[in-house]
Each structure stands twice: as structure tokens, then as C-alpha cells.
Amino acid sequence: YKKADLPIYQSAPTDLNSSRATIKELMSKVISEEAPVSRRIMIKRVSEALNIPSNSKQLNEIIGICKSQLEIKTTIEDEMEFLWPKDISPDKYSDFRITLNKEREITDIPREEVANAVVQVIGDQVSLSQQDLIKEGAKALGFMRLGSIITSVLEKGISYASSNNLIHRNAKGNWIL
């Protein structure tokens, strides 16, 4: 996973409404370099570039307006919105990225990407129990320690992979391709 390389503006704009073109340009760059990307990460990247607080209600509203003007796809999982380039179909997405340096949290990874990591792990390991698949899937995504949130996200990725017939359980109850 690589963070988008955005220009950093020295002073915050006095009026965000008049900065919509700049915000759209920043959003396009984040999508082209980081997608699929969560809305939370999008707000963080744009706010860092514009030198304004990420909890700015006005920035959140303007990002929503700009998002509707960009040619992108969106998905929503557990109240987290993910932004996708128009040329990538979320249900056909086949990559996953390793998160280093805590550039994103596990909740910033869409279930499609988690499912892809799980499929890769099973391909490498052949057969895994649910708990081992969660542990190895988390590692594949760059998360070395398990907690309840990481476990929950991995379980949802496993469920997504299973419901899309990418993985299934064998007679012993282990996950296989």
C-alpha cells in the first residue's frame, strides 16, 4: 500500500467552496494512486494537503459534493464508504496491498481486498482453520497482531470470499480453494 503523493499547500484556503476544483483534483489523485480508498482516508489526505483539520464539517460536505462530480464507483460496508476508480469493478477486484507504516487501519480496507488476501493465503497454505486463516490473512495485509476489530474485518472478508465461491470448507471444516 502506497500513500498518494500530494502537494502540500502552505496555508489553508480561506473559503473551501472556492477551492472545489483543487479538492476534486486532490481526490482524483488519491483515487488514482490509492484506490480502493475509504472516505476516511480520502478526507485525511485532502485535509493534510490543504493544511486544515480532518474533522472539518465543511470539508466533509464538499468532498461529498465533489465525489458526486467525479466518475467513480462507491461501496459501503458497516457505514464506511469506499471509493473506486470507474474502470475497476469492486466485485472483480483481484488485488490486495500490504499496509506498512500504519498508513491505513484495517477498517480502511474493503472486504473485496480482504477476501483477495484470504484467497492468496489459502492458495499458499492449501487448507486452514478459521482462526489460522484470520491470523494469516491479517499478516498478509500487514497486521501482525489480532484484536477484535481485525478479527471482525477478516471474518467479513472470509464470508465475502465464501459467498462469492472463491473459497469453501472441506469435510474437516477447514477453508480451501
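These numbers come from the heavy atoms of this one structure, side chains and all, not from hydrogens, waters or symmetry mates.
Pro7 places a side-chain heavy atom less than 4.5 Å from the side chain of Leu26. When side chains are defined from C-beta on, Asn174 does not count as touching Leu128, because their heavy atoms never get closer than 4.5 Å. Residues Met27 and Met42 meet the side-chain proximity criterion, which asks for heavy atoms closer than 4.5 Å.
The side chain to side chain contact (heavy atoms under 4.5 Å, CB included) test with Pro13 singles out one residue from Leu50, Thr22, Asn51, and that residue is Leu50. With Ile167 as the partner, the side chain to side chain contact (heavy atoms under 4.5 Å, CB included) test is satisfied by one option alone out of Leu177, Val121, Ile176: Leu177.
Taking both residues in full, the closest heavy atoms of Asp5 and Glu33 are given as N-OE1, 3.0 Å, listed atom of the first, atom of the second, then distance. Among all heavy-atom pairs drawn from Thr75 and Trp84, the shortest one is OG1-NE1, 3.0 Å. Across all their heavy atoms, Ala161 and Ala115 have their closest contact at CB-CB, 3.8 Å. Heavy-atom minimum distance, Ala138 versus Ile150: CB-CG2, 3.8 Å. The two residues Lys73 and Ser89 make their nearest non-hydrogen contact at NZ-CA, 3.7 Å. Closest approach of Gly142 to Ile98, counting heavy atoms only: CA-CG2, 4.0 Å.
Proximity of a side-chain donor or acceptor of Asn116 to a complementary backbone N or O of Asp95 within less than 3.5 Å is detected. Between the side chain of Ser129 and the main chain of Asp132, a donor-acceptor pair closer than 3.5 Å is present. In this structure, the side chain of Ser159 does not engage the main chain of Glu155 through any donor-acceptor pair within 3.5 Å.
Each of Phe143 and Tyr160 belongs to its own hydrophobic cluster when Ile, Leu, Val, Met, Phe, Trp and Tyr are linked at side-chain heavy-atom distances under 4.5 angstrom. The hydrophobic cluster containing Val37 also contains Ile23, counting ILVMFWY residues as joined when their side-chain heavy atoms lie under 4.5 angstrom apart, directly or transitively. Under a hydrophobic clustering in which Ile, Leu, Val, Met, Phe, Trp and Tyr are joined whenever their side-chain heavy atoms come within less than 4.5 Å, directly or via other members, Ile88 and Leu166 fall into different clusters. Leu83 and Phe96 fall into different hydrophobic clusters, defined by Ile, Leu, Val, Met, Phe, Trp and Tyr side-chain heavy atoms under 4.5 Å apart, directly or through other members. Neither Ile109 nor Tyr93 shares a network with the other; the hydrophobic side chains, linked directly or stepwise wherever heavy atoms of I, L, V, M, F, W or Y lie under 4.5 Å apart, form separate groups for each.
Residue pairs meeting the side-chain hydrogen bond (donor to acceptor under 3.5 Å, both in side chains) criterion with at least one partner in residues 162-173, sequence neighbours excluded, are Gln130-Arg169. A salt bridge (Lys or Arg N to Asp or Glu O under 4.0 Å) check over residues 80-92, counting only residues at least two apart or in different chains, returns the pairs Arg39-Glu81, Lys67-Glu81, Glu71-Lys86. Residue pairs that meet the salt bridge (Lys or Arg N to Asp or Glu O under 4.0 Å) test with at least one member in residues 139-151, sequence neighbours left out, are Glu136-Lys139.
A 6.0 Å sphere centred on CD1 of Ile65 holds more than 12 heavy atoms belonging to other residues, nucleotides or ligands.
The salt bridge (Lys or Arg N to Asp or Glu O under 4.0 Å) search around Glu113 returns Arg97, Arg104, not counting sequence neighbours. Remark: Lys3 engages Glu34, Arg45, Glu48, Glu103 in a side-chain contact (heavy atoms from CB on, under 4.5 Å) (not counting sequence neighbours). Here Glu25 pairs with nothing under the salt bridge (Lys or Arg N to Asp or Glu O under 4.0 Å) rule; sequence neighbours left out.
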Original post:
Leu59 and Ile63: side chain to side chain contact (heavy atoms under 4.5 Å, CB included), yes or no, with the steps?
Top reply: CA-CA 6 Å; Leu59 176 62; Ile63 281 183; 4.0 Å; yes
**OP:** Begin from the C-alpha positions of Leu154 and Leu146 and carry the test side chain to side chain contact (heavy atoms under 4.5 Å, CB included) through to its verdict.
**Re:** CA-CA 10 Å; Leu154 265 293; Leu146 289 182; 5.9 Å; no
